[in-house]
Amino acid sequence: MEQSNTEGKKKMIWNETKECMSRDEMSNLQGVRLKKMVKNVYHSVEFYRKKMQEIGLEPGDIASIEDITKLPFTTKDDLRDTYPFGLFAVPDSEVVRVHASSGTTGKATVVGYTRRDIENWSECVARVLAMAGVRKSDKIQVSYGYGLFTGGLGLHYGAENLGATVIPMSSGNTKKQITMMEDFGCAAIACTPSYLLHLTEALEDSGAIERIKLRAAVLGAEPWTDQMREDIEKRLGIHAHDIYGLSEIMGPGVAADCEYHKGLHFYADHFIPEVLNPETLKPCKEGETGELVITPITKEALPLFRYRTKDLTSIAYEPCECGRTLPRISRFTGRTDDMLIIRGVNIFPSQVEAALLDVSETSPHYLLIVDRVGNLDTLEVWVEVEERFFSDEIRKLEDLTKKITQILQQALGIAPKVKLVEPRSIERSEGKAKRVIDKRKLF
Ligand code: DLL
């Protein structure tokens, strides 16, 4: 790992040639990579070739970074419509991994990686870990979920790339997490911020907090605030860093913040960021909030044009005090759609609707109530069911509650508390139906 020592401060910069280049150098690199990517996509992805032909765009029309605005946008719906592998740009034999995240309805969004994609991803995550002060000699507990979600394996490969020792805990089982953290002397943890708060409480209650060697945390996958960061840092005596990413673009490691916490450094050598007004789709000024749109320029298996993340942020290009010149995006202030993130799991209200369609005893009226009890998110789903369930014996109501809970758990990936309510008891709206009450106060 290269280290920069400007201003006499020891800074953990993974590779200065990538993180400290001038704006012109970065634009040139992005232009070259964009040009190559567009040409490749035109020849290998029918979906994009057709889109380009529709607007009369030839691969040769993309010659530099400024030309990016000529490219069409991509949305989650495009991935759904081409489910599962329709946007892949390489043959199956080149794909070494797939992950998936929640779709807006029943179907997941599937993403794929070549061997080179996994290497680039691991390097991006290693850069984040280095920025958080994690070293080769450290042990890192990876407590994001392993599996189709990108959190667990993303951090795992990144930590191995750095050379640190990975403790692949996955999520949950707090007691065991504490035992491992204490017995192995873990220096770092990667998990969602809300889970670390929960773990902190358990560490305080058990007294183990006095014995652990934790120094750093790499937290993300859900919105959180600076106040939460300060609380975590104070209670655990560590440095906590914000890590951002999304499956469609790669997974964790698209951007993260350094020790100055003045925005998240965006790995612009792999991903081109744009912040656009979500209504007009015109660029926002520096510092102005809009929708983050990302074009990955080194992805082989799933290269996307101008992916609309629906995440709201702003961007700044001024170099950071840490020495990095990468553009910085601000902490996220919300989304333009109704996606909820509950205990790190992405949930669309429409998924509940799609799952309930299979239950004939219910009506299409439901309400999601999201709250935070202690440090953990809770989800309660109210569902209107036929009148007869309230007049018949109580047993039938209990059986139906159990059935709906199972169906929703399968559809959403987390178990909600289901409350069956009488017909017409959920408030009707005159305009757009109100499906969610989010009592958490994050924004
Ligand atoms: O959450 C990838 C990830 C894993 C990121 C581990 C960081 C750590 P998805 O499941 O596809 O991927 O969800 C992506 O989560 O569009 C944001 O809305 C939200 N999100 C991710 N990181 C942050 C963050 C992973 N640091 C969606 N702050 C994104 C706020 C975040 N929101």
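Along the sequence shown, residues carry numbers from 1. Only heavy atoms go into these numbers, but all of them, side chains included; no hydrogens, no water, no symmetry mates. Counting convention: from 1, in listed order, for ligands and their atoms alike.
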*Could you give the distance from CG (Leu276) to CD (Glu274), rounded to the nearest 0.5 Å?*
5.0 Å
*asked:* Going by salt bridge (charged side-chain N to carboxylate O under 4.0 Å, His left out), name the pairs with one or both residues in residues 141-150, residues two or more places apart or in two chains.
replied: none
*Can you list the residues that meet the salt bridge (Lys or Arg N to Asp or Glu O under 4.0 Å) rule with Asp183, with sequence neighbours excluded?*
none
*asked:* Tell me if a side-chain donor or acceptor on Gln177 pairs with a main-chain N or O of Ser170 at a distance below 3.5 Å.
replied: yes
*For the pair His241 and His261, name the ring-plane relationship: parallel under 30°, tilted 30 to 60°, perpendicular over 60°.*
tilted
*Could you please provide the protein residues found below 4.0 Å of ligand 1 on a heavy-atom basis, arranged by chain and number?*
Ser101, Tyr144, Phe149, Thr150, Gly151, Gly220, Ala221, Glu222, Pro223, Asp242, Ile243, Tyr244, Gly245, Leu246, Ser247, Pro252, Asp311, Phe332, Arg335, Met339, Ile341, Asn346
*Pairs satisfying salt bridge (charged side-chain N to carboxylate O under 4.0 Å, His left out), at least one member in residues 137-162, at least two apart*: Asp138-Arg215
